[in-house]
Asker: 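Next up is a structure, given as structure tokens.
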Amino acid sequence: ITSLAFVLTFIFPHTLGTFTMMVNSVMFIIQVILLGKAFQKIQLLQLPAALLFSVCIDGWLCILSYWQTGGYVGQGLMLGCVFLGLGIAFEVIPNVLILPGEGLVRVIAGLTGWRFGRVKTGFDMSIVASAVVVSVAVTGHVLGIREGTVMAALIVGSISHFFIEKVSAALGGWIPSYTEAGDACS
């Protein structure tokens with residue numbers, strides 16, 4: 001989800017956290033439009049959560065700015081995707097407060113009846129594609145998108161869906177029943 005915000009940092013003089021907040025705000029507005037009168041006011045809390053997330057991105061980038069990363073290994077990338085998928089599952093399962101990106105995916109899944117994981121994959125790939133289009137349109141070449149970005153967009157949705165099913169089943173009666181659509185459209 002962050003790929004478009006990251007590409008924008010190469011084009012405009014703003015931070016990744018600033019662009020992450022902007023992209024999240026657009027995703028939030030799309031949720032409101034799609035849901036119309038079914039939009040629940042509690043979901044307004046997505047905005048301060050997105051702001052905190054965006055501030056944390058900039059804070060951690062500042063703190064870790066000295067750390068130079070070289071190449072990466074496929075297994076490390078895959079492990080990162082597994083942890084990201086698990087984190088998304090832990091964010092979505094309680095059906096309480098989620099960031100606007102997963103919120104929009106949940107709304108689309110709820111309106112269409114499609115599986116969360118499939119919608120997530122399509123959504124992530126559309127964000128990556130838009131990042132590539134913006135990058136090429138403005139600079140003439142691709143910036144900030146590599147094979148790891150594409151791989152993550154392709155597999156994190158399936159991994160998160162796997163964890164949603166397994167963790168929900170393991171928690172049994174401890175939490176309200178999670179369905180593919182959640183209650184985003186009720």
Side-chain angles (χ1 to χ4, degrees), residues 1-32 42-107 120-121 123-157 159-160 163-164 167:
I1 289 177
T2 310
S3 58
L4 179 58
F6 186 56
V7 164
L8 291 172
T9 66
F10 291 103
I11 301 168
F12 300 103
H14 299 290
T15 66
L16 180 57
T18 299
F19 283 121
T20 298
M21 186 63 202
M22 289 178 182
V23 170
N24 274 284
S25 296
V26 170
M27 291 177 195
F28 178 80
I29 291 167
I30 294 170
Q31 286 180 64
V32 173
I42 189 74
Q43 295 306 322
L44 289 169
L45 291 174
Q46 289 181 34
L47 293 174
L51 179 61
L52 178 61
F53 179 66
S54 300
V55 168
C56 287
I57 287 173
D58 282 346
W60 282 109
L61 283 174
C62 182
I63 290 168
L64 299 174
S65 63
Y66 69 90
W67 187 12
Q68 296 298 315
T69 58
Y72 55 89
V73 179
Q75 292 109 349
L77 177 64
M78 185 62 182
L79 185 61
C81 289
V82 168
F83 281 116
L84 182 57
L86 181 61
I88 290 168
F90 286 156
E91 179 185 17
V92 171
I93 289 169
N95 207 15
V96 178
L97 176 63
I98 60 179
L99 291 171
E102 272 63 56
L104 182 53
V105 170
R106 184 177 66 180
V107 166
K120 173 83 175 133
T121 299
F123 182 77
D124 287 356
M125 286 304 297
S126 69
I127 296 294
V128 171
S130 67
V132 169
V133 168
V134 168
S135 180
V136 171
V138 174
T139 69
H141 56 281
V142 177
L143 294 172
I145 308 292
R146 290 186 44 195
E147 63 277 0
T149 305
V150 175
M151 182 176 143
L154 285 171
I155 66 172
V156 168
I159 292 170
S160 64
F163 282 124
I164 287 169
V167 172

Asker: Where do H141 and S135 come nearest, in terms of heavy atoms and distance?
Answerer: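 In terms of heavy atoms, the two residues are closest at O-OG, 2.7 Å.
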Asker: If you round to the nearest 0.5 Å, how far is CZ of F10 from CD1 of I145?
Answerer: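 Reported to 0.5 Å precision, the distance equals 8.5 Å.
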Asker: State which residues pass ring pair (Phe, Tyr, Trp, His ring centres under 6.0 Å) with F163; sequence neighbours excluded, sorted by chain then number.
Answerer: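 F163: no ring pair (Phe, Tyr, Trp, His ring centres under 6.0 Å) contacts found.
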Asker: Using 0.5 Å steps for rounding, measure from the CG atom of N24 to the CE atom of M21.
Answerer: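 Output value for this atom pair is 6.5 Å.
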Asker: What distance do I98 atom CD1 and L104 atom CG have between them, rounded to the nearest 0.5 Å?
Answerer: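 Between atom CD1 of I98 and atom CG of L104 there are 9.5 Å.
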Asker: Please give me the minimum heavy-atom distance between G157 and T121, naming the atom from each residue.
Answerer: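 Closest heavy-atom pair between G157 and T121: CA-OG1, 3.6 Å.
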Asker: When you measure from the side chain of E102 to the backbone of I88, do you find a donor-acceptor pair of N or O atoms at a distance under 3.5 Å?
Answerer: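 Side chain of E102 to backbone of I88: no pair is present.
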Asker: So which atom in L4 and which in S130 form the shortest heavy-atom distance, rounded to 0.1 Å?
Answerer: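 Of all heavy-atom pairs spanning L4 and S130, the closest is CD2-OG, 4.0 Å.
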Asker: What do the steps show when you test L51 against L47 for side-chain contact (heavy atoms from CB on, under 4.5 Å), and what is the final call?
Answerer: CA-CA 6 Å; L51 179 61; L47 293 174; over 6 Å; no
Asker: What is the minimum heavy-atom distance between G85 and I159, and which atoms define it?
Answerer: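 Smallest interatomic distance, heavy atoms only, reads CA-CG2, 3.8 Å.
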Asker: Is any side-chain heavy atom of L99 closer than 4.5 Å to one of F53?
Answerer: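 Answer yes - side chains close enough.
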Asker: Any heavy-atom pair between the side chains of I164 and K120 that's under 4.5 Å?
Answerer: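 SC-SC contact between K120 and I164 ruled out.
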Asker: If you measure from OG1 on T149 to CD1 on I127, what distance do you get to the nearest 0.5 Å?
Answerer: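 If we round to the nearest 0.5 Å, T149:OG1 and I127:CD1 are 13.0 Å apart.
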Asker: Write out all pairs satisfying side-chain hydrogen bond (donor to acceptor under 3.5 Å, both in side chains) with one or both partners inside residues 51-62, taking only residues at least two apart or from two chains.
Answerer: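 side-chain hydrogen bond (donor to acceptor under 3.5 Å, both in side chains) check on residues 51-62 returns T15-D58.
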Asker: Hey, could you give me the CD1/OG distance between I30 and S25, rounded to the nearest 0.5 Å?
Answerer: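 Rounded to the nearest 0.5 Å, the CD1-OG separation comes to 11.0 Å.
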Asker: For I63, I'd like to know if atom CD1 has over 12 heavy atoms of other residues, nucleotides or ligands within 6.0 Å.
Answerer: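 Result for CD1/I63: enclosed.
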Asker: Can you see which heavy atom on Q46 is nearest to which on F28, and at what distance?
Answerer: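 Here Q46 and F28 meet closest at OE1-CD1, 3.8 Å.
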Asker: Among residues at least two apart in sequence or on other chains, which ones pass side-chain contact (heavy atoms from CB on, under 4.5 Å) with F19?
Answerer: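 Only A5, L8, T9, F12, H14, M22 meet the side-chain contact (heavy atoms from CB on, under 4.5 Å) criterion with F19.
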